[in-house]
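What follows is a single structure, written as structure tokens, with notes after it.
Ligands are counted one by one from 1 in listed order, and the atoms in each one are counted from 1 as well. Small disclaimer: the values here were computed from a predicted structure and weren't measured.
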Amino acid sequence: MVELLASWKVIENNTLADLKMNKPLRVALLGLGTVGSGTFNVLKDNASEIERRVGFPIQIKVIADLNTEKARELAGPGVDVLGDAFEAVKRDDIDVVVELIGGYTIAKQLVLAAINAGKHVVTANKALLAVHGDEIFAAAEANNVMVAFEAAVAGGIPVIKSIKEGLAANKIEYVAGIINGTCNFILSEMRDKGLPFLDVLAQAQAFGYAEADPTFDIEGVDAAHKITLLSSLAFGVPVQFDKAYIEGITKLTKEDIQFAEQLGYRVKLLGIAKRTEQGVELRVHPTLIPSKRLIANVEGVMNAVLVKANAVGPTLYYGAGAGSLPTASAVVADLIEIARTSQAPLSSRVPVLAFQKEGVQNLEVLAMDKVVTAFYLRLAVDDRPGVLAEVTRLLADNQISIEAMIQRQATSEKETAEIVLLTHRCVEGDVNKAISRIEALDSVHGPLTRIRVEDLS
Ligand code: HSE
């Protein structure tokens with residue numbers, strides 16, 4: 001009761017006049033790369049607009065970066081520049097630490113040090129949160145500080161706040177997102193220009209869209225970090241990156257993209273989190289989506305997240321998934337949320353993962369062989385009577401029904417014929433069984449290509 005009265009007192013005391021007299025929110029910015037410098041610039045350029053929204057300024061007090069010379073040049077007078085981020089985290093004149101260094105090791109130490117020193121944290125580090133999120137969120141709760149990470153998923157698109165707040169009335173059924181701009185750029189170019197994967201990857205690196213080491217992007221790991229976070233926000237489940245199924249785009253061929261097109265589909269790398277009666281699906285893989293869906297037409301480096309919820313129905317969030325100012329927009333929105341709500345009692349804040357701690361459910365993350373989707377299957381076969389019948393018999397034996405089919409005849413250059421099949425929805429475990437038996441047929445050459453299909457209707 002005493003605690004409740006104390007809470008009311010805090011709220012009553014926060015009149016607008018009081019807010020105006022509030023001291024600025026004092027920020028330490030760790031890492032002055034693309035997003036860090038964007039954050040600095042957004043806070044500077046939009047300072048008066050931000051103050052109109054918050055009631056007091058958000059002020060960068062300290063910048064920590066290994067390149068202190070570059071940091072000094074940007075910071076100008078009135079901002080301390082440090083080479084050691086741990087020094088910045090320890091300071092008493094800091095309310096919020098913005099971690100934009102990335103990675104799991106130093107970033108984790110810094111985030112935990114900041115939390116344990118009673119500072120709020122804003123981070124864009126999806127890898128860190130997807131792997132160590134539960135530990136970090138527990139530490140934040142124990143220290144009564146906020147951790148905000150809007151910039152960690154889909155860059156500038158405010159999808160986290162949409163799920164946490166805008167969709168809070170709903171039971172969310174699924175989230176399906178194009179959440180890696182590098183992969184979406186590569187797939188768009190492969191389709192538009194009919195180029196093979198490796199050529200487009202080289203082009204993406206030349207444009208600076210893909211990292212020098214693009215493994216996390218093209219192997220689907222970055223998208224898996226993001227969909228892991230979205231699954232927790234959408235369903236109120238723990239952060240379980242280790243249980244996500246991850247398949248990247250490296251094996252996709254331009255032929256598959258063209259066959260998909262003929263069948264009325266686009267190929268996208270999707271992160272999917274779906275709630276089913278059996279548990280939660282958590283997966284990243286190339287996916288055929290009907291071309292007529294809005295999300296299938298998201299091209300280039302742009303991101304989009306489709307959320308299907310039981311009251312509102314489908315909603316689609318589109319925008320820049322990376323880049324200096326778009327990602328800074330999300331970082332600064334988190335700073336504004338902290339400025340507005342960090343004085344309020346814990347119970348008045350939006351929970352870090354959208355659900356109250358007691359409401360988190362440990363739903364099973366389903367193994368892929370239990371997942372139900374439709375499939376695109378492509379196989380090279382001998383062009384002689386009875387081959388198609390053998391293949392379809394094995395599919396039928398495993399309860400797999402065919403929806404559409406294309407056959408490309410053998411030619412003087414290519415001795416085998418090519419069969420492309422689109423199945424109805426079926427259990428992945430049954431498809432696996434059918435595929436291994438089909439691949440064992442004498443009339444079938446080489447491994448079968450399999451891509452999952454989602455209708456998203
Ligand atoms: N590398 C990511 C992408 C952006 O290509 O979308 C940062 O998450």
Problem set entry | Arg191/Glu299 under salt bridge (Lys or Arg N to Asp or Glu O under 4.0 Å): CA gap, chis, key distance, verdict | CA-CA 10 Å; Arg191 183 180 75 84; Glu299 299 292 358; 3.1 Å; yes

Seminar exercise, completed: Between Thr182 and Ala210 the two heavy atoms that sit nearest each other are CG2-CB, 3.6 Å

Exercise. Under 4.0 Å between a Lys/Arg side-chain N and an Asp/Glu carboxylate O for Asp199 and Lys193?
Worked result: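 No, Asp199 and Lys193 are not salt-bridged.
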
For this session: Please name all residues satisfying side chain to side chain donor-acceptor pair (under 3.5 Å) with Glu247, sequence neighbours left out, ordered by chain then number.
Result: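 Partners of Glu247 by the side chain to side chain donor-acceptor pair (under 3.5 Å) criterion, ordered by chain and then number, come out as Tyr245, Arg452.
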
Problem set entry | Contacts of type salt bridge (charged side-chain N to carboxylate O under 4.0 Å, His left out), residue Glu418, not counting sequence neighbours | Arg378, Arg408, Lys414

For this session: Run through ligand 1 for me and note each protein residue having a heavy atom under 4.0 Å from it, chain first, then residue number.
Result: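 These residues qualify: Lys126, Asn180, Gly181, Thr182, Asp217, Asp222, Lys226, Ala322.
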
Side-chain donor-acceptor pairs of residues 351-366 under 3.5 Å, sequence neighbours excluded:
residue, atom, partner, partner atom, Å
Lys357, NZ, Glu141, OE1, 3.4
Glu364, OE2, Lys370, NZ, 3.4

